Amino acid sequence: MSLYVPGLSRRTLLATAAGSVLWPAAARALGVASTIRIHDHTSHTRLVVELSENIEFSIFSLADPYRIVADLPELDWTMEGSAQAAPTGVVKAVRYGLFQPGRARIVVDLVDPAGLKNAFVLPATGETPHRFVMDLEKTSREKFLASAGPQHRVGALAATAGKPVPAKAVVEPPARDAKKLIVIDPGHGGVDPGAIGLSGIYEKTLTLAAAKQLKGRLEATGRYRVKLTRERDISLELAERREVARTAAADLFISLHADSMGNKTVRGLSVYTLSEKASDREAEELAEQENSADSIIGVDLSHESQEVRHILVDLAQRESMNLATKLADRLIGELKREATLLRNGHRFARFAVLKSPDVPSVLIEMGYLSNREDEKALKTEAYRGKLMAAVVRGVDTHFGGVQSARKG
Ligand code: ZN
């Protein structure tokens with residue numbers, strides 16, 4: 001865990017092997033990555049990943065912030081604290097994890113613009129395993145920008161270039177039965193651990209655990225069908241999360257989070273809905289943090305930011321926003337019986353993940369992992385169970401209310 005760099009945001013911390021606990025037993029991993037080392041040489045910075053076998057790879061760079069992204073086949077990450085080196089040279093931080101089924105990703109955050117000088121795999125020799133090597137050298141911003149972009153693959157091994165996997169979420173056609181369809185979105189995942197708790201627990205791990213509990217409880221009522229945006233420790237773009245709900249014609253979208261903040265005394269749960277104007281400064285900061293998830297997992301956003309405002313203005317007129325607001329109030333009504341609520345339990349801001357124009361969407365911050373009591377509670381299945389039971393009651397009231405309003 002020595003890759004923590006003081007002074008950087010919590011999100012530049014490394015993902016470690018902890019998340020892989022949630023992987024299904026029959027992992028589809030092609031090989032095992034056991035160590036990441038970073039060496040600063042005078043002319044370049046070298047990053048070395050030890051591997052159980054030879055792999056193909058593809059590499060590209062992204063600007064603002066400067067990143068180098070390497071895509072590899074799906075790997076099991078078995079990094080231990082002792083097997084990692086501190087960032088040095090042009091490397092500010094390194095994150096890694098499952099990006100898509102079949103595809104692992106390493107995101108290298110750079111201190112300064114740096115280009116890829118070399119990338120190759122060294123074959124195993126004796127005791128030494130295969131090694132994936134990237135050499136990065138300082139460059140100018142102009143040169144970096146000239147070569148940056150998601151489509152610019154600059155390296156490959158074993159005579160075959162790594163092929164980009166289409167970035168489409170797996171979706172099913174809308175079912176026709178009368179049950180309401182609810183999409184639950186466990187926040188973060190894969191390359192992006194989300195917040196990191198005082199005890200070292202990852203937000204991505206807790207959101208997935210809570211999502212599975214909520215799914216079980218909703219299905220147990222017999223009134224709902226439930227779909228998760230992700231079922232394992234994998235990265236997902238915010239647009240893909242929305243797309244799961246939209247394509248399946250979901251009746252509700254519920255995104256689960258548990259973030260952290262600088263003030264460790266702040267605790268409590270809150271429910272967020274979408275709005276052009278934030279309810280308060282904290283809500284705005286949180287939305288900014290959540291919206292940066294795409295850049296954390298190594299997605300190019302240079303083309304996207306323009307659209308956001310248009311969509312938001314358009315959205316304001318829509319019924320889904322009103323429905324989301326009503327749902328949020330009902331959830332708050334139930335959740336305050338089980339948990340400490342944040343002052344102004346219902347808040348709003350520009351959350352990209354809540355932008356679906358036709359699916360009422362809410363985001364639940366289950367608590368703060370920067371607060372000792374919240375973190376301790378959220379780590380227990382029993383406490384998460386109580387919260388999720390309250391969510392089920394809120395959803396029940398929501399649909400009960402909606403249905404009777406339509407009848408009346
Ligand atoms: Zn989050």
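Note that the structure is a prediction, hence the values are computed from the model and not measured. Whatever order the structure lists ligands and atoms in, that order sets their numbers, starting from 1.
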*After noting the C-alpha distance and the side-chain angles of His257 and Thr207, does the key distance pass the side-chain hydrogen bond (donor to acceptor under 3.5 Å, both in side chains) rule?*
CA-CA 6 Å; His257 289 259; Thr207 58; over 6 Å; no
_Using a 3.5 Å distance criterion without hydrogens, assess whether the side chain of Glu365 forms a donor-acceptor pair with backbone atoms of Asp259._
yes
*With the Zn ion (ligand 1) as the apex, the NE2/OE2 angle for His188 and Glu203 - to 10°*: 100°
_Rounded to the nearest 10°, what angle sits at the Zn ion (ligand 1) between OD2 of Asp259 and ND1 of His257?_
120°
_Asp233 vs Leu98, side-chain contact (heavy atoms from CB on, under 4.5 Å): CA-CA, chis, key distance, verdict_ = CA-CA 7 Å; Asp233 184 21; Leu98 189 59; 5.9 Å; no
*asked:* Taking the side chain as everything from C-beta on, heavy atoms only, tell me whether Glu375 gets closer than 4.5 Å to Ile201.
replied: yes
*Assess Glu290: does it contribute an N, O or S atom lying under 2.8 Å from the Zn ion (ligand 1)?*
yes
